[in-house]
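This report concerns only the one structure given below.
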Amino acid sequence: MMKIGFRQFEITPDFPVQVMTLKEKTADSADALHCRVLVIEPENQKPWYHVSIDVVEVWQAYRDEIKANTEALLGKEIDMVVSATHAHVTPFVTTDPAWREFLMKRIMENIGKVEMKEYNEVSYSYNYHYFDKVGKSREADLKHVANHLYAETLSFYGDGKRIGTILIHNCHPTIKKLFAPPMTSEYPGYCIQKLSEKYPGEFFTFLLGPAGDISPHFVRENQEYDQIAVLGDKLIAEFERQMAHQNNLHPIDHFRYRETILPIEKGPREIGDAVFPPQDQMTPQEVQVLERRLLPKKDKGGFNPHSRELDPMEIISEYRICQLILSDEYSIVFEPAELYSEFYGSVNKQTTTLATISNGFDHYITGLYLNHITTHSITDYGFTDRMRRNFWERLAKMSLQLSDEEL
């Protein structure tokens with residue numbers, strides 16, 4: 001026996017809010033913003049809550065506050081993952097206290113109203129396929145093709161009937177122009193809305209895969225709002241194709257949730273001269289990266305790493321990685337950073353989904369094998385090479401579902 005519940009509710013603000021990329025506050029919204037809650041409660045186990053919010057980021061402290069307030073409301077302990085869809089033109093939790101208070105109030109008004117239904121048998125179907133119709137690698141003028149770029153669906157079945165689906169894609173939700181209103185839930189919100197209308201009674205939510213280097217930049221025709229529908233419809237078609245061929249049902253027979261901590265180790269990348277080819281051999285994109293990210297040293301004539309400005313920026317002292325295990329054959333690993341797509345190479349893709357911007361937020365982590373100039377490799381806020389290797393190995397071990405002691 002197992003209980004599953006869902007709830008979606010609107011969080012569109014009715015007052016001007018701070019948006020990450022705008023100096024002036026705005027209340028202009030092109031579509032509704034939502035928070036979506038999925039609850040799984042196996043018999044004699046703590047319930048697991050997943051909260052997905054149409055925002056660019058959710059800090060670790062705010063996630064912890066949501067969890068503590070939910071436990072106080074329900075009067076029991078729970079496990080919880082809070083994920084951001086990473087839609088950029090949305091209210092900014094980081095810098096707007098009024099919005100932060102409004103969002104918390106909406107969550108507390110609704111999270112206790114999740115309708116839980118009990119099923120004799122709960123099963124799932126996981127499918128994935130290479131998909132590059134919404135985004136591609138934004139590095140080096142498409143010179144470096146992204147090998148790990150997927151549309152994924154994880155559907156839940158209660159007593160043989162499909163009841164909910166997690167939509168997963170590893171492309172930045174930045175089809176629309178970033179530096180101008182209106183706010184939008186971007187392609188995650190569009191896909192969920194259209195699929196919810198077509199499949200009434202079924203629940204849909206969203207997870208962002210490793211999308212640090214994946215963008216609609218070379219795919220969108222322009223940055224107008226209507227391009228969200230143009231590209232979103234292509235992604236919906238792939239989601240529906242997968243949902244129409246779910247013959248691989250597996251029972252949720254090994255349900256377990258765990259969190260593991262890595263100490264933070266940040267610093268400049270160990271970048272040698274080999275990554276700087278002669279300028280006449282660089283692509284225009286690589287030249288632009290160097291001009292934007294590197295400042296000449298006046299005294300030595302060399303290069304200085306130029307840090308990315310984001311104020312304030314979350315500073316975390318520990319790196320929290322979480323894993324939801326459904327069976328011996330599938331699990332989701334949640335982590336807080338904007339991973340480059342290369343990190344999908346650290347896990348067994350057939351058995352593992354990587355979900356980013358979850359239970360905290362941190363910035364770009366470029367791939368383990370740096371063999372070209374990237375937009376985010378020449379900065380001073382990223383993981384050190386040693387931390388990157390440790391992280392890669394930890395993901396690999398979690399993908400194998402090794403025991404807590406073996407991790």
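No hydrogens or angles considered: nothing links the side chains of Thr95 and Gln18 as a donor-acceptor pair under 3.5 Å. Side-chain polar atoms of Gln350 and Tyr330 form no donor-acceptor pair below 3.5 angstrom. Side-chain N/O atoms of Ser125 and Asn248 include a donor and acceptor closer than 3.5 Å. No side-chain donor from either of Asp213 and Ser137 sits under 3.5 Å from a side-chain acceptor of the other.
By the 4.5 Å heavy-atom criterion applied to side chains, Asn110 and Val37 are not counted as neighbours.
Arg63 and Glu259 are joined by a salt bridge, as a carboxylate oxygen and a charged side-chain nitrogen come within less than 4.0 angstrom of each other. With respect to Lys133 and Glu238, no salt bridge is recorded, no charged nitrogen being found less than 4.0 Å from a carboxylate O. Ionic pairing of Glu43 and Lys3 is not present here: no N-O contact between side-chain nitrogen and carboxylate oxygen is shorter than 4.0 angstrom. Salt-bridge annotation for Asp233 and Lys194: absent, with no side-chain N of the basic residue lying under 4.0 Å from a carboxylate O of the acidic one. Between Asp385 and Arg388 there is a salt bridge, since a side-chain N of the basic residue sits under 4.0 Å from a carboxylate O of the acidic one. Salt bridge present: Arg258 and Asp404 bring a charged side-chain N and a carboxylate O closer than 4.0 Å. Under a 4.0 Å N-O distance rule, the pair Arg320/Asp64 qualifies as a salt bridge. We find that Glu202 and Arg162 are joined by a salt bridge, their nearest charged nitrogen and carboxylate oxygen being less than 4.0 Å apart. A salt bridge links Lys349 with Glu152; the closest basic N to acidic carboxylate O contact falls under 4.0 Å.
Rounding to the nearest 0.5 Å places CD1 of Ile66 at 7.5 Å from CD1 of Ile111. The OH atom of Tyr157 lies 12.5 Å from the CD1 atom of Ile4; values are rounded to the nearest 0.5 Å.
A distance below 6.0 Å separates the ring centres of Trp392 and Phe343. Taking the six-membered ring wherever Trp is involved, the centroid distance between the rings of His172 and His217 does not fall below 6.0 Å. Ring centroid separation for the pair Phe156 and Phe203 does not come in under the 6.0 Å cut-off.
For Lys105, the NZ atom counts as loosely surrounded, since its 6.0 Å shell holds 12 or fewer non-hydrogen atoms of other residues, nucleotides or ligands.
Residues passing the side chain to side chain donor-acceptor pair (under 3.5 Å) test with Thr12, sequence neighbours excluded: Glu10. Evaluation of the side chain to side chain donor-acceptor pair (under 3.5 Å) rule for Tyr62 yields no partner, not counting sequence neighbours.
A ring-ring contact (aromatic ring centres under 6.0 Å, His included) with His169 holds for exactly one of Tyr130, Tyr128, Phe131; it is Phe131.
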